[in-house]
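A short worksheet on the structure shown next.
Remember, it's a predicted structure, so these values are computed and weren't measured experimentally. Order of the sequence lines fixes the chain letters, A, B, ..., with proteins taken first and strands second; residue numbering starts at 1 for each chain.
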Number of protein chains: 2
Amino acid sequence: MEITKFAIPEIIFGNNGLEYLASCARRHGAQKVFFVSDSGLERSGWVQRACDILDRDRLPWTYFNMVESNPRDYQIEKGAAQYAQEGADVIIALGGGSPLDTAKGIALLASNGGRVRDYEGANRIEHPLPPMIFLPSTAGSGSDISQFAIITDVERQVKMAIISRTLVPNISIIDPVILQTKPPELIITSAIDALAHAIESYVSPIASPFSETQSLQSIKLIVTNLQHAQATGDPEALKQLSIASTAAGMAFSNAGLGIDHALAHSLGGVFDVMHGIVHPILLPPIMRFNLPSCPEKMHRIGATVLGRRHTDSNGLALAGIEWLEDFFQSFQIPTRLGEILPSGTDLMPICHMATLDACMLSNPRPASPDDLFTLCQEVW
Amino acid sequence: MEITKFAIPEIIFGNNGLEYLASCARRHGAQKVFFVSDSGLERSGWVQRACDILDRDRLPWTYFNMVESNPRDYQIEKGAAQYAQEGADVIIALGGGSPLDTAKGIALLASNGGRVRDYEGANRIEHPLPPMIFLPSTAGSGSDISQFAIITDVERQVKMAIISRTLVPNISIIDPVILQTKPPELIITSAIDALAHAIESYVSPIASPFSETQSLQSIKLIVTNLQHAQATGDPEALKQLSIASTAAGMAFSNAGLGIDHALAHSLGGVFDVMHGIVHPILLPPIMRFNLPSCPEKMHRIGATVLGRRHTDSNGLALAGIEWLEDFFQSFQIPTRLGEILPSGTDLMPICHMATLDACMLSNPRPASPDDLFTLCQEVW
C-alpha cells in the first residue's frame with residue numbers, strides 16, 4: 001500500500017430513515033428535486049411515501065421512472081433531458097442498483113454533457129455533479145455508497161463500468177424497513193452480490209486497512225444472517241444484511257473488484273442476466289484461481305465463513321471456498337452457467353470483453369481471455 | 001440503535017501524501033489558501049515543505065501560527081479577522097489537535113460570525129463552513145476526521161466541546177512520514193489519546209456497527225504497535241499508529257466519548273494539561289465504573305487487548321483493564337493525578353464542570369459530580 005484513498009457518503013442508517021429525505025435535500029440547497037425510481041417501488045407504495053415526505057415539506061419534485069434492470073444509455077439521456085427541462089437541482093433515487101445507477105448517469109450527463117460512453121473507465125469525469133441523495137431498496141448493489149455506475153451501452157452490448165469519486169452520492173439514507181417488502185429471491189441475489197463485493201474487494205491488491213475491516217465484517221454478517229433473513233423475513237436479520245451491504249459498498253468502492261464482476265458485467269451486457277445470479281456460479285472457481293496470489297487473505301476468508309480462529313492451517317482457504325459452494329446450493333439457485341445461458345453460447349467474445357472491464361485492474365492475479373474461458377467452461 | 005449517522009471526510013492516506021495538498025485545495029475551488037500551523041512544525045521544516053507545494057502550484061496563501069496547545073478563543077478571533085482581511089477561501093491546517101481545532105474555529109467564525117462560545121455544545125452551527133483540508137502531524141487527536149473542536153474559553157477557564165457535522169473537514173491527508181520527526185513522548189501521549197477515543201466510543205450507547213469495527217481495530221493496532229513505535233521509531237509501526245488514530249477518529253466522531261474526555265476537558269481548561277497525560281490515570285478507574293453498564297463490551301475490549309478469543313469467561317473485562325494499567329505504566333508516565341496537578345487542588349468544581357461537558361451525554365453510565373469526585377480521589 002502506497003497512497004490509499006477512502007471516500008464514502010454521509011450515511012443515515014436505521015428504520016424509518018426515509019423520514020429524513022426532505023431535510024437532507026434542503027440541506028443540499030434543493031429547490032426542485034429530480035426523483036428517480038421504478039415501477040416495482042411504485043407498486044409497493046414507497047414512491048408515494050417518498051413523494052408525500054417531499055410534499056409535506058413543500059419541496060417541488062419531478063419524477064422519472066424509465067428504469068430497467070441493467071439501465072441503458074438511451075434511458076439516461078432521456079432522464080438528463082428531463083432534468084434540464086424541469087430545472088431540477090438535487091437528485092434523489094430510490095431503488096436497487098438500477099434506479100441508483102440511472103440517477104448517477106443522469107447526474108453525470110446533466111452536469112458534464114456528452115454521452116455516457118464518453119466516461120467509461122476510471123476518473124474521466126471533470127466537473128462536479130449535482131447533489132445526490134440515495135435510498136437503497138435492496139441490500140446488495142452498494143451503488144448508494146460507491147463511486148461505481150454500471151450502465152449498458154446498447155449499441156456495443158456491453159455493461160460499462162464508470163468509476164469516479166464524483167459518483168459517490170452526498171448522502172445515503174439506508175432504511176431497512178424497505179427490505180421487508182421484498183421477495184426472498186431478491187433478498188438472496190442482493191446479499192450474494194454484496195458478498196461478492198466483500199470477497200473481491202478484500203483480496204484486491206489496492207485494499208487498505210480501511211477497506212479490509214469493512215470487507216470482513218460484511219462477509220461475516222452475510223453468512224450469519226442470510227439464511228434466517230430469507231426464510232423468515234425477520235426485520236433484525238434484514239437490518240444486519242443492510243449493514244453488510246453498506247460495509248461491502250465502502251470496501252469495493254475504494255478497493256475495487258475483480259474477475260467475477262468483470263465477467264458478470266460482460267455476461268450482463270449480452271444476456272441481461274442479474275449479477276446476483278452469476279456470482280454463486282463463478283465466485284468459487286475464481287477464488288480457487290486467485291488463491292495462489294493471495295493465500296493469506298483467502299485463508300482469512302475461510303476462517304471468517306467457517307467461524308474458526310485464524311490459525312496457520314493450510315486447508316482453511318479451500319475449506320472456506322467449499323463451504324461457500326454449499327452455502328450457495330442451500331438456496332436452490334443455479335450453480336452452472338448452462339442453467340442460465342442459452343445452449344451453444346460462444347463464451348470467448350464474452351471473456352475477451354471481460355478482460356477490458358475496469359474491474360480486471362484490481363484482481364489479485366492477472367488473467368487472460370483464455371484463463372476466463374477455462375474458468376467459465378469449468379462451471380458450464 | 002434507532003437512527004445512526006456516520007460521516008467522515010475523504011481520506012488520502014500514505015507516505016508522502018502531503019504532495020496532494022495543492023491539488024486537493026484546487027479541487028475545492030481554492031483561489032487563496034488560509035494556512036494554519038505552529039512554530040514546532042516550522043522548526044521541523046514541514047511548514048516550509050507545505051508552502052513549497054502550494055507555491056509550485058502557484059496557489060497563493062496566507063499563514064497563521066498564533067496557535068498554542070489547548071487553543072484559546074481570542075486566538076481564533078484573530079485568525080478569523082485575518083481570514084476575512086486576506087480574502088481567503090479554503091483553509092488548510094497542518095499539526096496536532098491544536099492547529100487543527102484552531103483552523104476549525106476560524107472556519108466557523110469566518111462563515112457564521114459571532115464568538116466561539118455561541119456554538120458550544122452539539123449541532124449549533126447553521127451555515128456551511130469554507131472547505132477544510134487537514135494534515136495531522138500526530139497520530140492521536142482525530143481532529144482531522146472528527147466533528148469535534150475543543151477550544152478554551154479563557155474567561156470561564158473551560159475547554160468547550162463544539163460538535164457539528166459541519167466541522168468534519170472535506171479532506172484529511174494523513175502522511176505518516178510526518179510522525180517520524182516527532183519525539184517518543186508525543187508519540188505515546190497521542191496514541192494514548194487515540195486509545196481513549198477508541199475505548200470510550202466503543203462503549204458509547206450511540207455506537208453503531210459502523211463505529212464499533214473502527215474502535216476495535218484501533219484498540220488492537222495501538223496495543224500491538226505503540227511500544228515498538230516509541231522505542232524504535234520504526235516507520236511501519238508509526239504508520240500502524242496513524243491507521244489506528246484515523247479509525248478511532250471515525251469512531252468517536254460518530255459515537256461520541258464519555259467521562260474520561262469530559263474530565264480531561266475540564267482539567268485541561270483549568271490547568272492546561274494535555275489529554276494524553278490525563279487518560280492513563282483516569283481511564284482504568286472509569287472503565288471499572290462503567291463496567292456494570294456495558295459488561296459485554298468491556299469483555300470484548302479485554303479479549304482484544306489480551307489477544308484472546310472472545311469467550312464467556314467473566315474475568316476478561318477486569319483482566320483487560322489491569323492489562324491496560326500495566327501497559328500505561330510501561331511507558332514511565334504519571335499514573336496519579338497528584339503527580340500532574342498542584343497539591344491541594346479543589347477537584348469538586350472541576351467535576352461539576354465536567355458533568356456539563358457534551359461528552360457526558362454518551363457515557364454508558366450516568367455519573368454525578370460526586371461520582372466523578374470519587375473517581376478522581378481514587379487515583380489522586
Side-chain angles (χ1 to χ4, degrees), chain A residues 1-20 24 27-29 126-128 145 147 165-166 168 170-176 206 208-218 220-221 236 239-240 242-244 246-247 249-251 254 307-311, chain B residues 1-20 24 27-29 126-128 145 147 165-166 168 170-176 206 208-218 220-221 236 239-240 242-244 246-247 249-251 254 307-311:
Chain A
M1 178 185 74
E2 277 312 304
I3 295 285
T4 188
K5 299 181 184 184
F6 192 73
I8 60 171
E10 179 184 334
I11 291 169
I12 297 178
F13 183 98
N15 292 344
N16 305 311
L18 179 59
E19 295 294 324
Y20 287 76
C24 286
R27 186 141 65 73
H28 281 279
E126 277 190 24
H127 305 293
I145 303 292
Q147 43 192 314
R165 189 185 40 232
T166 61
V168 177
N170 298 70
I171 306 181
S172 171
I173 302 175
I174 302 153
D175 184 344
I206 57 166
S208 77
F210 305 114
S211 69
E212 285 163 359
T213 47
Q214 303 297 338
S215 296
L216 288 177
Q217 185 190 28
S218 179
K220 193 171 165 190
L221 287 175
E236 182 53 35
K239 193 197 253 188
Q240 297 302 317
S242 286
I243 295 167
T246 305
M250 293 189 204
N254 292 287
R308 298 257 190 89
R309 199 167 165 76
H310 182 216
T311 63
Chain B
M1 179 185 73
E2 277 313 305
I3 296 285
T4 188
K5 300 180 184 184
F6 192 74
I8 61 171
E10 179 185 335
I11 291 169
I12 297 178
F13 183 99
N15 293 344
N16 306 311
L18 179 59
E19 295 294 324
Y20 288 76
C24 286
R27 187 140 64 74
H28 281 281
E126 277 190 22
H127 306 295
I145 303 292
Q147 44 191 316
R165 187 185 43 232
T166 60
V168 177
N170 298 70
I171 306 181
S172 171
I173 302 176
I174 302 153
D175 184 344
I206 56 167
S208 77
F210 306 114
S211 69
E212 285 163 357
T213 46
Q214 303 297 338
S215 295
L216 288 176
Q217 184 189 27
S218 179
K220 193 171 167 190
L221 288 174
E236 182 52 35
K239 193 197 253 187
Q240 296 302 317
S242 286
I243 294 167
T246 305
M250 292 188 204
N254 292 288
R308 299 257 191 86
R309 198 166 165 79
H310 182 216
T311 64

*By a 4.5 Å heavy-atom criterion (distance strictly below it), what part of A:Gln214 contacts chain B: side chain, backbone, both, or neither?*
side chain
*Return yes if some donor-acceptor pair links the side-chain N/O of B:Glu10 with the main-chain N/O of A:Arg165 below 3.5 Å, else return no.*
no
*asked:* I'd like to know which of A:Gln240, A:Glu19, A:Gln217 tops the heavy-atom pair count under 4.5 Å against chain B.
replied: A:Gln217
_Between CD on residue B:Glu212 and OG1 on residue A:Thr213, distance to nearest 0.5 Å_ = 13.0 Å
*Given that the side chain runs from C-beta out, which part of A:Asp175 has a heavy atom under 4.5 Å from chain B: side chain, backbone, both or neither?*
neither
*B:Phe6 pairs by side chain to side chain contact (heavy atoms under 4.5 Å, CB included) with which of A:Thr246, A:Ile12, A:Ile11?*
A:Ile11
*Please round to the nearest 0.5 Å and tell me the distance separating atom CZ of A:Phe210 and atom CD1 of B:Ile8.*
8.5 Å
*asked:* Counting only non-hydrogen atoms closer than 4.5 Å, does A:Pro9 touch chain B with its backbone (N, CA, C, O), its side chain (CB onward), both, or neither?
replied: backbone
*B:Ile3 and A:Asn16: which non-hydrogen atoms are nearest, and at how many Å?*
CD1-C, 4.1 Å
